[in-house]
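Written out below as structure tokens is the structure these notes cover.
Worth knowing before you read on, the calculation uses all heavy atoms, side chains too, and leaves out hydrogens, waters and symmetry mates. A note on names: the letters A, B, ... follow the listed sequences, proteins ahead of strands, and every chain is numbered from 1.
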Number of protein chains: 2
Amino acid sequence: MALSAALLAVAGDLTQRINDGVAARGFTDIRPAHGFAFARLAPGGATATELAAHLGVTKQAASQLVDEIVRKGYAERRPHPGDARARLVVLTERGRACTRAAEEAAVDVVGGWAELMGEGEVRALWGRLARIAPHGPIKPAW
Amino acid sequence: MALSAALLAVAGDLTQRINDGVAARGFTDIRPAHGFAFARLAPGGATATELAAHLGVTKQAASQLVDEIVRKGYAERRPHPGDARARLVVLTERGRACTRAAEEAAVDVVGGWAELMGEGEVRALWGRLARIAPHGPIKPAW
DNA sequence: TCTATATGGTCAAGTTACTTGACTGTTCTG
DNA sequence: CAGAACAGTCAAGTAACTTGACCATATAGA
């Protein structure tokens with residue numbers, strides 16, 4: 001159970017720091033959940049239902065999240081080529097800028113880890129984590 | 001950012017599996033957050049304010065959580081020896097049984113990891129995590 | 001000691017990020 | 001070309017928090 005707490009502590013700390021870094025770069029109106037949505041949208045966009053599956057929430061919740069990021073100018077809805085029911089959600093330039101800010105912030109934080117334990121160790125840690133739960137839920141379950 | 005997602009995936013997966021294991025052992029009316037509260041209460045109890053600090057929530061939220069676990073029979077409030085303002089929250093036998101169930105479930109899950117990557121690797125992983133964010137937030141920040 | 005401030009806890013109300021349920025319009029399947 | 005499956009939306013409900021106001025006790029300073 002201590003291992004579980006350690007994992008949560010690291011995940012929570014990292015998420016918080018990245019969010020702080022993103023806010024420090026001028027994007028103060030978004031939450032970490034939006035960042036994980038951006039990650040799914042970045043390579044070519046996605047539908048609301050795909051986003052829902054990625055985040056582990058209902059399609060209604062995903063749709064609400066899309067409403068919000070569209071309203072705030074981070075994404076836009078386009079007609080889906082090849083499926084008239086669906087709408088493709090794609091990032092705007094602002095959305096891509098925010099995603100870059102998140103990447104920068106993540107590099108900063110993980111760089112701090114590298115000072116603590118060495119670059120190779122960080123890579124090894126990453127590799128092990130990726131093998132344990134490759135399709136685990138992104139959102140918290142509690 | 002992929003590292004962040006991997007961490008969250010593992011933390012979420014582990015938390016979920018432990019909770020499922022606890023439910024399978026007959027404790028179906030609690031959430032992971034309660035488990036983290038139990039971990040703080042187990043060695044001699046704690047006040048609501050201490051619990052709030054441990055979980056990273058307001059004292060009101062902690063107090064509500066205590067109300068709930070008291071109502072469900074997992075803990076009880078006692079007068080605090082040496083501070084008439086405070087009340088010491090201690091686990092009941094049911095609370096301790098639930099904590100043991102959580103430990104068992106955790107052992108099961110982490111045992112699965114050991115099959116995947118070896119016992120030594122799991123220990124190494126644990127050690128590194130503990131060094132990265134020894135006082136990170138237990139609760140999700142998003 | 002007495003007073004001022006800090007602290008532990010509770011009560012009440014408000015907020016937010018979800019959920020469930022019902023519905024429309026479009027696309028697959030046999 | 002009917003009927004099931006699916007993308008999306010609208011509306012309402014809910015759970016787990018939050019903020020704010022308050023009381024009782026404790027601690028520190030004059």
Side-chain angles (χ1 to χ4, degrees), chain A residues 8 12 15-16 19 28-38 40-41 44-72 74-90 137-142, chain B residues 8 12 15-16 19 28-38 40-41 44-72 74-90 137-142:
Chain A
L8 283 167
T15 305
Q16 181 91 53
N19 199 54
T28 56
D29 56 354
I30 50 168
R31 295 177 293 124
H34 299 122
F36 293 115
F38 291 177
R40 179 66 183 79
L41 297 178
T47 66
T49 299
E50 287 166 349
L51 205 50
H54 181 244
L55 297 175
V57 297
T58 60
K59 60 183 181 175
Q60 291 93 325
S63 188
Q64 286 174 21
L65 193 143
V66 171
D67 283 345
E68 190 181 344
I69 61 178
V70 166
R71 182 166 46 78
K72 290 177 177 170
Y74 291 98
E76 58 186 21
R77 287 189 227 250
R78 294 195 188 155
H80 194 289
D83 190 341
R85 294 171 304 180
R87 314 180 64 175
L88 194 63
V89 181
V90 295
I138 301 292
K139 71 142 192 182
W142 55 105
Chain B
L8 283 166
T15 305
Q16 180 90 53
N19 200 55
T28 56
D29 56 353
I30 51 169
R31 295 178 291 124
H34 299 123
F36 293 113
F38 291 176
R40 180 66 182 80
L41 297 178
T47 65
T49 298
E50 287 166 348
L51 205 49
H54 179 246
L55 297 175
V57 298
T58 60
K59 61 182 179 175
Q60 291 92 326
S63 189
Q64 287 173 20
L65 192 144
V66 171
D67 283 345
E68 189 183 345
I69 63 178
V70 166
R71 183 166 45 79
K72 292 178 176 168
Y74 291 98
E76 58 185 22
R77 287 187 227 251
R78 293 193 188 156
H80 194 288
D83 189 339
R85 294 172 304 178
R87 317 181 62 175
L88 193 62
V89 181
V90 296
I138 300 291
K139 73 142 192 181
W142 54 106

Give the nucleotide from the list [options] with an atom nearest to the side chain of [X].
X: Arg87(A); options: dT20(C), dA17(C), dG8(D); answer: dG8(D)
X: Ala61(A); options: dC18(C), dG8(C), dT27(C); answer: dC18(C)
X: Gln60(A); options: dT19(C), dG8(C), dT10(C); answer: dT19(C)
X: Ala86(A); options: dA7(D), dG8(C), dT18(D); answer: dA7(D)
X: Gln64(B); options: dT19(C), dT25(D), dC17(D); answer: dC17(D)
X: Thr47(B); options: dA17(C), dG8(C), dT10(C); answer: dG8(C)
X: Arg85(A); options: dA5(D), dT19(D), dG8(C); answer: dA5(D)

Let me know the distance between [atom1] of [X] and [atom2] of [N], rounded to the nearest Å.
X: Arg31(B); N: dC17(D); atom1: CZ; atom2: C1'; result: 9 Å
X: His34(A); N: dT16(C); atom1: NE2; atom2: P; result: 12 Å
X: Leu55(B); N: dC17(D); atom1: CG; atom2: C1'; result: 12 Å
X: Phe36(B); N: dA16(D); atom1: CZ; atom2: P; result: 15 Å
X: His80(B); N: dG9(C); atom1: NE2; atom2: P; result: 8 Å
X: Arg71(B); N: dA15(D); atom1: CZ; atom2: P; result: 11 Å
X: Asp29(B); N: dA16(D); atom1: CG; atom2: P; result: 12 Å
X: Asp67(A); N: dG8(D); atom1: CG; atom2: P; result: 12 Å

Are Thr47(A) and Val89(A) packed together at the side-chain level, in the sense that at least one heavy-atom pair is separated by less than 4.5 angstrom?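 Not touching, per the 4.5 Å side-chain cut-off.
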Does some side-chain heavy atom of His34(A) sit less than 4.5 Å from a side-chain heavy atom of Glu68(A)?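 Yes, close enough: below the 4.5 Å cut-off.
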Distance (rounded to the nearest 0.5 Å) between Leu65(B) CG and Leu55(B) CG: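 Output value for this atom pair is 6.5 Å.
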State the CZ-CZ distance between Arg78(A) and Arg87(A), to the nearest 0.5 angstrom.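 Answer for the CZ-CZ pair, Arg78(A) versus Arg87(A), is 12.5 Å.
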Determine: side-chain N/O of Arg77(A) to OP1/OP2 of dT9(D), distance under 4.0 Å, yes or no.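 Answer is yes, contact under 4.0 Å.
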So, OP1 or OP2 of dG9(C): does either fall under 4.0 Å of a side-chain N or O from Thr49(B)?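 So the side-chain polar atoms of Thr49(B) do come within 4.0 Å of the phosphate oxygens OP1 or OP2 of dG9(C), strictly under.
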Which is true for Ser63(A) with a 4.0 Å heavy-atom rule: it touches a base, it touches only sugar-phosphate, or it touches nothing?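 Sugar-phosphate contact only.
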5' priority, DNA chain D, between Leu65(B) and Lys59(B) [closest heavy atom]: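 First, find each residue's nearest nucleotide; the 5'-ward one identifies Leu65(B).
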Need to verify one output field. Residue with the more 5' nearest nucleotide on DNA chain C, Ala84(A) or Glu68(A)?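 The residue mapped nearer the 5' terminus is Glu68(A).
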Could you walk me through whether Arg77(A) and Val66(A) pass the side-chain contact (heavy atoms from CB on, under 4.5 Å) test, one step at a time? CA-CA 9 Å; Arg77(A) 287 189 227 250; Val66(A) 171; 3.5 Å; yes
